[in-house]
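Notes for the one structure printed next.
Everything numeric here is computed off the predicted structure, so don't read it as measured data.
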2 protein chains.
Amino acid sequence: MDTKTDQSLDRNAQGRIRQENMERIMKAAEKVFAGSGFRGATTSAIAIEAGLPKANIHYYFGTKEKLYRAVLDDIVELWLSSFREIGEMDDPAETLADYIRGKMQLSRDRPNASKVFANELIRGAPRINSYLSMELKDWVEEKSGILDNWIAQGRMAPVDTKHLIFHIWAMTQTWADFEAQWSAILGRENGLEATDFETATNAIITTVLRNCGLVPLPPGN
Amino acid sequence: MDTKTDQSLDRNAQGRIRQENMERIMKAAEKVFAGSGFRGATTSAIAIEAGLPKANIHYYFGTKEKLYRAVLDDIVELWLSSFREIGEMDDPAETLADYIRGKMQLSRDRPNASKVFANELIRGAPRINSYLSMELKDWVEEKSGILDNWIAQGRMAPVDTKHLIFHIWAMTQTWADFEAQWSAILGRENGLEATDFETATNAIITTVLRNCGLVPLPPGN
DNA sequence: AAAAAACTTGACCATTTGGTCAGTTTTTCG
DNA sequence: CGAAAAACTGACCAAATGGTCAAGTTTTTT
């Protein structure tokens with residue numbers, strides 16, 4: 001028994017250095033890939049960002065391509081885990097608003113993840129095509145089905161539910177990906193502020209709920 | 001008289017080769033930059049795409065950086081020229097719908113221009129910061145002012161007009177930039193089709209007009 | 001027609017960069 | 001403790017790539 005316990009603890013301990021370093025490298029890599037793209041990111045820059053010698057990066061990940069894929073996989077997993085919500089029984093207005101809040105939180109907390117993903121999409125998504133056309137496609141179809149049911153039950157106004165989802169993604173992710181644009185237009189010289197995200201979140205929620213007939217228009221119209 | 005006529009024709013002819021080649025190179029460059037990013041694009045790949053030897057690219061544009069800036073300038077000009085619309089006297093619903101149609105047309109016709117621009121934004125917009133915080137900022141403030149007037153006149157429901165503009169940009173440009181994602185989700189193995197753009201355009205118009213109280217919700221809600 | 005200007009391009013070069021490796025140090029574990 | 005496994009890293013290399021150039025060709029101009 002002791003032996004078994006030790007082994008499992010050991011296995012844990014064994015990988016500790018490895019795990020810590022790999023996480024550190026992936027965190028640095030996400031930042032550098034977000035700021036420079038795949039080809040623009042150098043393993044040397046990632047090493048410096050991680051505070052490790054370059055050879056160390058290759059010791060753990062082999063090639064830049066493999067490191068990039070590891071970062072992408074991590075992001076895909078983050079995306080999927082943030083998706084589960086939206087169930088058949090939920091309240092439409094509350095559920096949509098919560099989903100939007102969650103997406104905006106992600107844009108604020110992990111802008112680099114969003115940027116790396118966006119970059120891959122712009123390039124034609126060569127490395128995540130199966131994810132897009134399998135998991136993500138299935139998710140969209142499942143959730144838009146739920147929304148369609150809500151509509152059939154008269155719980156919200158008729159809309160194109162797939163495009164409703166697309167719109168939510170577009171409006172929320174833009175605050176991570178194109179932050180530089182909104183920052184410049186709003187005149188925020190030190191980047192977006194917390195209030196900007198709140199205002200944006202509310203504006204998106206209003207837009208979506210009005211679109212679904214889930215919130216009354218202000219009087220006088 | 002003949003001399004003068006000849007001269008002007010000549011001057012035209014003089015620059016003809018130059019102009020043709022530069023346009024050809026810029027067209028090729030836009031495509032390659034869109035597909036590979038600044039660092040990922042090689043002058044050699046641009047040369048092949050343009051059907052010219054690599055030295056020719058450098059003969060006309062000097063460095064890759066200068067060529068990239070020329071492409072960016074071209075895109076900024078395209079953006080600005082597509083902006084003029086939206087006047088004080090126009091009909092709100094018609095104007096917004098037209099603006100959205102125009103933006104979607106641009107996403108269809110010049111997806112690579114949009115992608116290069118998006119890429120630059122993701123990278124933090126180091127080369128177009130002055131454009132963003134001058135021309136574009138001014139345009140947004142002017143147009144959101146007009147929309148605010150429409151609201152004050154009771155011609156549309158109260159909304160955050162700047163964010164209304166942001167939303168329109170996000171929802172329309174995503175069809176160029178992230179085409180790969182929508183294509184995969186919709187199961188279009190040969191890329192998006194004309195009907196996809198029509199459906200998307202209508203969905204965006206509906207969303208925006210409902211948000212502004214410019215179109216009645218379907219009955220039963 | 002001939003000089004001048006503009007254009008063309010194969011060959012070449014310096015630098016950057018992804019990746020390797022061998023020798024060393026640190027950690028693990030019986 | 002001591003041996004084996006894992007981790008570390010400076011030095012190095014081959015390939016890719018942005019950019020140059022000199023020798024030519026074509027076009028323009030007088």
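Here the two rings, on B/W175 and A/H163, have centers that are under 6.0 Å apart.
Look at CG on A/L67: it is 12 Å from C1' on C/dG18, rounded to the nearest Å. Per the geometry, CD1 belonging to A/I48 stands 15 Å off C1' belonging to D/dT9, to the nearest Å. The CD1 atom of B/I17 sits 11 Å away from the P atom of D/dT26 (whole-angstrom rounding). Straight-line distance from the CG atom of A/L52 to the P atom of D/dA7: 13 Å, rounded to whole Å. Counting to the nearest Å, the P atom of D/dG18 and the NE2 atom of B/H58 are 7 Å from each other.
Looking at A/F33 and A/K115, their side chains never come closer than 4.5 Å, going by heavy atoms from C-beta outward.
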Could you pull out the protein-nucleic contacts involving nucleotides 10-17 of chain C (nitrogen or oxygen on both sides, under 3.5 Å)?
unit_1	atom_1	unit_2	atom_2	d
C/dT17	OP1	B/R39	NH2	2.4

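A salt bridge does not link A/K27 with A/E23: none of the charged nitrogens is closer than 4.0 Å to a carboxylate oxygen.
The phosphate of D/dA6 (OP1 or OP2) has no side-chain N or O of A/R18 nearer than 4.0 angstrom. At D/dC8, one or more side-chain N or O atoms of A/N21 fall inside 4.0 Å of OP1 or OP2 (strictly under the cut-off). Remark: B/Y59 is not in phosphate contact with C/dT8, judged by side-chain N or O atoms under 4.0 Å from OP1 or OP2.
Listed by chain and number, the residues in a side chain to side chain contact (heavy atoms under 4.5 Å, CB included) with A/E189 amount to none (sequence neighbours excluded).
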B/R127/B/E65 under salt bridge (charged side-chain N to carboxylate O under 4.0 Å, His left out): CA gap, chis, key distance, verdict: CA-CA 10 Å; B/R127 284 168 264 234; B/E65 174 73 30; 2.8 Å; yes

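A side-chain donor from one of B/E120 and B/Y68 sits under 3.5 Å from a side-chain acceptor of the other.
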